[in-house]
Amino acid sequence: MIVKPHLYQTMCLSIPAKVISIEGDMATVSVEGTEVKASLQIVENVEVGDYILLHTGFAIQKLDSQEAEASLKVFDEFIELNRQLDEEEKITGNRIV
């Protein structure tokens, strides 16, 4: 029997995060209001207020603000879609996804 892992169990996702402070090679970044630490060791010229692409605790790329905000908007749309699907599942009693 072959067991396929669920997508969310194998998916690595990088997310846009806004730099709110920097101390040495570490930054405190905000992801939708949640603050986390990020290593800046592999990205140069990052300043407070910049957006970075955060992956497993590392900044892997600097993003322009328009690109970051567009990505965050898509994430918000997914969150809203998921909320709507959860509500529909509660109403119908049927699992949708």
Side-chain angles (χ1 to χ4, degrees):
M1 177 177 169
I2 297 174
V3 177
K4 294 182 179 180
H6 294 283
L7 180 60
Y8 64 85
Q9 292 174 324
T10 60
M11 195 167 93
C12 292
L13 184 66
S14 55
I15 52 176
K18 188 171 188 174
V19 177
I20 55 176
S21 68
I22 297 173
E23 188 172 320
D25 287 340
M26 294 299 293
T28 300
V29 299
S30 175
V31 180
E32 295 289 313
T34 300
E35 294 182 9
V36 296
K37 296 289 185 187
S39 171
L40 301 176
Q41 292 179 336
I42 57 176
V43 178
E44 296 180 347
N45 302 320
V46 176
E47 297 178 6
V48 171
D50 286 344
Y51 281 93
I52 54 102
L53 197 54
L54 178 65
H55 182 73
T56 62
F58 288 87
I60 59 172
Q61 179 181 341
K62 192 172 166 181
L63 298 173
D64 70 46
S65 61
Q66 288 181 330
E67 182 179 13
E69 289 167 8
S71 295
L72 292 170
K73 183 179 177 196
V74 171
F75 289 155
D76 287 342
E77 291 171 358
F78 278 123
I79 290 169
E80 176 59 21
L81 175 62
N82 192 48
R83 187 196 63 74
Q84 291 174 0
L85 292 174
D86 286 347
E87 285 299 315
E88 189 171 332
E89 285 180 353
K90 287 178 188 173
I91 292 169
T92 65
N94 296 322
R95 180 141 174 88
I96 298 171
V97 270

Testing the basics here: between [X] and [Y], what is the closest heavy-atom pair and its distance to 0.1 Å?
X	Y	result
A59	I42	O-CG1, 3.1 Å
A27	L40	CB-CD1, 3.7 Å
V43	I60	CG2-C, 3.5 Å

Would you compute the distance between atom OG1 of T34 and atom CD of E32 and round it to the nearest 0.5 angstrom? 8.5 Å
Gap separating the CD1 atom of I52 from the CZ atom of F58, nearest 0.5 angstrom: 11.5 Å
According to the side-chain hydrogen bond (donor to acceptor under 3.5 Å, both in side chains) rule, which pairs have a member within residues 85-97, sequence neighbours left out? none
Residue pairs passing the side-chain hydrogen bond (donor to acceptor under 3.5 Å, both in side chains) test where at least one lies in residues 44-55, sequence neighbours excluded: D50-K62
For E80, all residues meeting side-chain hydrogen bond (donor to acceptor under 3.5 Å, both in side chains), sequence neighbours excluded: R83, Q84
Please list every donor-acceptor pair under 3.5 Å in which a side-chain atom of residues 13-21 meets a protein atom from a residue at least two apart or in another chain.
residue: S21; atom: OG; partner: T28; partner atom: OG1; Å: 3.4

Answer yes if V31 and V46 sit in the same cluster of Ile, Leu, Val, Met, Phe, Trp and Tyr residues linked by side chain heavy atoms under 4.5 Å apart, and no otherwise. yes
Show me the pairs that pass salt bridge (Lys or Arg N to Asp or Glu O under 4.0 Å) and involve residues 51-61, at least two apart or across chains. none
Output side-chain donor-acceptor pairs under 3.5 Å for residues 68-79, partner residues at least two apart or in another chain, one line each.
residue: S71; atom: OG; partner: E67; partner atom: O; Å: 3.2

